[in-house]
Amino acid sequence: MSVVLNFRSHLSDLFAQAVRIVAPEVTEIDIVIERPKHVQHGDYACNLAMQLARLLRKAPNEIARSLITALPTSHVVEKVEIAGAGFINIFITVAAKQNVVHGVLRAGMGYGHIHLGAGRKLQVEFVSANPTGPLHVGHGRGAAVGDCLCRVLQAAGWNVTREFYYNDAGVQIDNLAISVQLRCMGISPDDLSWPENGYRGEYIADVARAYMAQEMVEADDQHVQASGDIGDLRAIRSFSVAYLRSEQDLDLRAFGVNFDVYSLESALYTDGKVEETVNRLIASGYTYEQDNALWLRTTDFGDDKDRVMRKSDGSYTYFVPDVAYHLDKWRRGFVRVINEQGADHHSTITRVRAGLQALDAGIPPDWPDYVLHQMVTVLRNGEEVKISKRAGSYVTLRDLIDEVGCDATRFFLAARHPDSQLVFDIDLAKSKSNENPVYYIQYAHARICSVLGQWKGDIAELHRANVSVLDSENERALLQHLIDYPQVIESAAKDLAPHLIAFFLKDLAADLHGYYNATRFLVEDEDIKLARLALIAAVAQVMRNGLALLGVSAPAKM
RNA sequence: GUGCCCGUAGCUCAAUCGGAUAGAGCACCAGCCUUCUAAGCUGGGGGUUACAGGUUCGAUUCCUGUCGGGCACGCCA
């Protein structure tokens, strides 16, 4: 008897065959196999009969009966029932469910990996903070969501590239260079001569000190030696950018986020890609000159007004290198690109897509994809920590990692739907108590490790456990969770919603704690003992796999 | 004013391309440690899914409007 690990796709296949017999004229129909909320509705449910009712002009119940008759037999199906308005409820045999324990133990770290992406090239661009200051909580959310998304998509079979884009060529960088230069000259933001657009944060003084001390900084691909020459704005500029990039890289590394590719806006200029993009846009006929500037008719592609490409001073707006950058992504062969950004950048979506359409390069109109996360507010001692752009003060990612820890910070930032505003309660994230979901999950894993450690047996023995004795309510619930795990990865990957992993793990941990309290594992009966240990070993494996997707550790002891 | 996102238990949040009786945690109440980690478990109360319509077998989910919160509306990024 073969072990079926993915019941949903197995059932989907069975129903597809049934449809070919019952309604051969219907060729295009989505077969939805869902998990009912209530146990009396079986393990899986199919609404096919209701979907077909209108097409076939027959009563759903009648269609359901025909479908069941036409359904090929399967050793994993215990029985099927018609219920409600025409749902077909499917009950899986207990033996098939119990076998998932062996499936998980055999697959190990690979359990839950699916082939949705089929090895296709996908790129996620995230964080992409300007090198003008330290990363703050908002960037942290982008880093956590983006990185977890990458891990989920990899588990779903995509060939994922993590990419960071530095806007190191615009007006903001000029402001940065001037701010550092002023600090080098001993002028502070309190001074009346401090420019309106200057950066006021204390970190600017750190950059200035390092520059004056002729320090050397390394940022990924470059080494920059400070000359200490106050008059050399270009030198100050490149040193400042390298310095802040290097700081950001350290923060990200401490956060467990590693990028495969760093792209620099400045490189798009030096490589001629910006110029090429401009020429192509002009050639496409969507541009025009007005008010001494060059415009792109983005309104032809759904924008609410046309956008300036080349300013009256001759330089380009940020949006031109953005288009050039995305054309480059397309040429690098990414079938799918996902840009994870703060929602305050949402207006760029229409613009970038419009620019790409104007290129007439065969790029799909809805390419690239976007995941936008909403704002993060930070709570300390029950009060909101206000950010002050004027004073340049805010809660940095580094502060959070130092104070709260990497695990809790990642979990809190990734465990909510990106679309909803997030309140980061520092005291809650720090608390080592039952209020903290991170520890709740990790504790479940540690408890299992502790039991397995006291057993002192060889894990390989568990592969031979007779799992047919696993039939209590707690055991059934845990088996079902193990079975659901690959499906959760599929949902998270399809919906670009990594927070689903966190909720799954909370549920799994709750069931494990319940089981732990209700059951003794190290009992006399060898069969029962091995079966129970095999089950919790499989649970621990899935917890490790799931936590790995969040980038959160799975400690064996707490 | 226009566009996008959000509105679910007192609080923080879920809800499987529209599915069957909307779920967790916290807080509150009552219990469980001489037995594998009590950072845990068991039970209890708590809802007109902001509001009003519409679409259909069926709506927290889709559409329209109203109210409330956030963000964006630059030749900044």
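Every chain is numbered from 1 and lettered A, B, ... according to where its sequence line falls, protein lines coming before strand lines. No hydrogens, no waters, no symmetry mates; every other heavy atom, side chains included, goes into these values.
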Report task. Classify the nucleic acid contact of A:His499 as base, sugar-phosphate or nothing, counting any heavy atom under 4.0 Å across all strands shown. Result -> sugar-phosphate
**Report entry** Mate of B:U8 where both pairing distances stay under 3.5 Å, Watson-Crick or G-U
**Finding:** none
Requested in this report: Scan A:Phe319 against the nucleic acid and name what it touches under 4.0 Å (heavy atoms): base, sugar-phosphate only, or nothing.
Outcome: nothing
Query raised in the report: How about A:Phe164 and A:Phe126: are their ring centroids closer than 6.0 Å?
Result: no
Query raised in the report: Is there side-chain contact between A:Tyr515 and A:Leu478, with at least one heavy-atom pair below 4.5 Å?
Result: yes
Query - Sugar-phosphate, base or nothing in reach of A:Asp291, heavy atoms under 4.0 Å - result: base
Query raised in the report: Across the strands shown, which category fits A:Ser312 at heavy-atom distances under 4.0 angstrom: base, sugar-phosphate, nothing?
Result: base
**Report entry** Sugar-phosphate only, base, or nothing, as touched by A:Met375 at under 4.0 Å among non-hydrogen atoms
**Finding:** sugar-phosphate
Query raised in the report: Rounded to the Å, how far apart are A:Lys305 NZ and B:G1 P?
Result: 18 Å
Which protein N or O atoms sit under 3.5 Å from an N or O of nucleotides 11-13 of chain B?
from	atom 1	to	atom 2	distance (Å)
B:U12	O2'	A:Arg416	NH2	2.9
B:C13	OP1	A:Gln421	O	3.4
B:C13	O5'	A:Arg416	NE	3.2

Query raised in the report: Looking only at atom C1', what distance separates B:U49 and B:U61, rounded to whole Å?
Result: 10 Å
Query raised in the report: When you compare B:C17 with B:C51, how far apart are their C1' atoms, in angstrom units rounded to a whole number?
Result: 28 Å
**Report entry** Polar pair under 3.5 Å, donor/acceptor by atom type, side chain A:Gln374, base B:C6
**Finding:** no
Query raised in the report: What about A:His345: does its side chain form a donor-acceptor pair under 3.5 Å with the base of B:A77?
Result: yes
Report task. Assign A:Asn89 to base, sugar-phosphate, or nothing according to its heavy-atom contacts below 4.0 angstrom with the strands shown. Result -> base
Query - Under-4.0 Å salt bridge between A:Lys79 and A:Glu81 - result: yes
Query raised in the report: For the side chain of A:Tyr318 and the base of B:A77, is some donor closer than 3.5 Å to an acceptor across the two?
Result: yes
Query - Cationic N near anionic O, under 4.0 Å, A:Asp303 to A:Arg297 - result: no
Requested in this report: Could you check whether A:Ala45 gets within reach of a base, just the sugar-phosphate, or nothing at all, counting any heavy atom under 4.0 Å?
Outcome: base
Requested in this report: Indicate, yes or no, whether a donor-acceptor pair under 3.5 Å links the base of B:G3 to the side chain of A:Asp304.
Outcome: no
Report task. Pick the P atom in B:U66 and in B:C73, then give their distance to the nearest Å. Result -> 24 Å
Requested in this report: Select base, sugar-phosphate, or nothing to describe what A:Leu500 touches, counting heavy atoms under 4.0 Å on all strands.
Outcome: sugar-phosphate
Query raised in the report: Any Lys/Arg nitrogen of A:Arg476 or A:Glu473 sitting under 4.0 Å from an Asp/Glu carboxylate oxygen of the other?
Result: no
Query raised in the report: Touch check for A:Ala343, heavy atoms < 4.0 angstrom, all strands: base, sugar-phosphate only, or nothing?
Result: sugar-phosphate
Report task. Just call it for A:Ala556: base, sugar-phosphate, or nothing, with non-hydrogen atoms closer than 4.0 Å on any strand. Result -> base
Name the pairs: protein N/O against N/O of nucleotides 32-35 of chain B, kept only if under 3.5 Å.
from	atom 1	to	atom 2	distance (Å)
B:U35	O2'	A:Arg520	NH1	3.0

Query raised in the report: Going by modelled atom types, is there a donor-acceptor pair between the base of B:U37 and the side chain of A:Gln454 at under 3.5 Å?
Result: no
Query raised in the report: Is the shortest side-chain N to carboxylate O distance from A:Glu340 to A:Arg141 below 4.0 Å?
Result: no
